[in-house]
Protein chains: 2
Amino acid sequence: MRTTLELGQELGYAKLSIEAIAARAGVGKHTVYRRWPSKGALLLDSLLSRSASALDYPDSGDLRADLRRQIHEAVGLLAGGPLSPLFKSLVGEAQHDPGVAEALNERFIAPQAAKTVARLEAARDQGQLSPDFDLDLAMAILSGPLYFRLLITGEPLTPEYVDRVLDALFAGMAPRP
Amino acid sequence: MRTTLELGQELGYAKLSIEAIAARAGVGKHTVYRRWPSKGALLLDSLLSRSASALDYPDSGDLRADLRRQIHEAVGLLAGGPLSPLFKSLVGEAQHDPGVAEALNERFIAPQAAKTVARLEAARDQGQLSPDFDLDLAMAILSGPLYFRLLITGEPLTPEYVDRVLDALFAGMAPRP
DNA sequence: CAGTAACGGCACGGCACGTGCCGTTCTTGA
DNA sequence: TCAAGAACGGCACGTGCCGTGCCGTTACTG
């Protein structure tokens, strides 16, 4: 997995081959194929091994600050750092490999979304949000524009932009008097 | 281009090869490579040739109805119909092919976004929206969750969901008294 | 300590890539 | 009207990676 990330950063996902990974890692191809069914699955595991710990939500009592902090961290890791192109390519691979799509969803997207919703839920129970607000939709409105920038328009995903989306979201989320 | 869409629907993008397209079209490979630098570029042209006309905005005076109508149509074409998997794969390909990414942006995403913003602008000038509302951000909040569903979570992109996003957006967009 | 599973290394057939070279057909401009 | 040249369909080639066999060796397990 370490070699996968190294070679992936050097060559880009398109030119990355299992053959080359195995060769550089000093490993037979069988040993790779025994564990991972595809290049995408291998990359998913490799990326998760680097980012799993960094994506937990804090709960300081201040919802907005917590969202900001967590999203800034996630964006810095997956949209700013050297792993960003590989992460983008992984999402790309998921578009035509159903196995990768399911694994990516199950092991990264869904848990991350669930954490966000859980944090929103906690805030709602504390009266920081309108009781009738659709939390799933709020999560999508928060995540959607960020992935839209990252994957579609390619515009830079800056902390400032994250804040703009947060502002817009909270403009409609505040508890009603 | 017709053969590309046909074969693409039959085989899926991953198994689609320029070799097979040329063979079925009764055409030399040179003839394909002379026009398109890559499989992705060919698919982009092929898809645009089928969908370019269908994605214009109406202006009936009612912003919300116009947005609904246009987005429902776009979603039906790109997320519901038989071309949906190919469109998703094209966005996927853009993640590791900068040429495809740029062309996709320039020839589809950006014009479409510009149309949405222009329609919002017209509505704002008519007093249907708060004058200080950030129209680019509104466009992203509208598009983002839809692409998020389509490309990331894979949940079905239904007209009902489109309406939910529209509802949420308009809750924060209405002109202030 | 014996049996076995996993290993690194190598070779193989298969496929699509992108690019040459053929001889033919179509277009264009004098 | 016709000649020059561009574009064409067809074919073949070398290349790279795929995924899978088969070696003999090493490492674990009971």
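Letters A, B, ... are given to chains in the order of the sequence lines, protein chains preceding strands, and every chain is numbered from 1.
Atom CG in B:Leu42 sits roughly 12 Å away from atom P in C:dG18 (whole-Å rounding). Residue A:Asp97 contributes atom CG, which lies 14 Å from atom P of D:dC18 at whole-angstrom precision. B:Lys29 has its NZ atom 16 Å from the P atom of C:dC21, to the nearest Å. Between the CG atom of A:Leu11 and the C1' atom of D:dG16 there is a distance of 13 Å, given to the nearest Å. Across the protein-nucleic acid pair, A:Ile21 atom CD1 and D:dG19 atom C1' stand 15 Å apart, rounded to whole Å. The separation between B:Tyr33 atom OH and C:dG20 atom P is 13 Å, rounded to whole Å. At whole-Å resolution of the value, NZ in A:Lys15 and C1' in D:dG16 are 12 Å apart.
Relative orientation of the A:His96 and B:His96 rings is perpendicular, given thresholds of 30° and 60° on the angle between their planes. Between A:Phe148 and B:Tyr147, the ring-plane angle classifies as tilted under the 30° and 60° cut-offs.
Contact between the side-chain N/O atoms of A:Thr31 and the OP1/OP2 oxygens of C:dG8 is found at a separation under 4.0 Å. Between C:dC7 and A:Arg35, a contact under 4.0 Å exists linking OP1 or OP2 to a side-chain N or O.
Relative to the side chain of A:Ile18, the nucleotides D:dG19, C:dC17, D:dG9 differ in distance, and D:dG19 lies closest.
Considering B:Leu78, B:Asp97, B:Val100, B:Leu83 in turn, B:Val100 is the only one that fulfils the side-chain contact (heavy atoms from CB on, under 4.5 Å) rule with B:Leu90.
One cannot find a donor-acceptor pair under 3.5 Å joining the base of D:dC11 and the side-chain atoms of B:His30.
Comparing A:Arg34 and A:Glu19 along DNA chain C, the residue whose closest nucleotide (by nearest heavy atom) sits nearer the 5' end is A:Arg34.
Judged by distance alone, with hydrogens and angles left aside, the side-chain atoms of A:Ser17 form a donor-acceptor pair with the main-chain N or O of A:Ala20 at under 3.5 Å.
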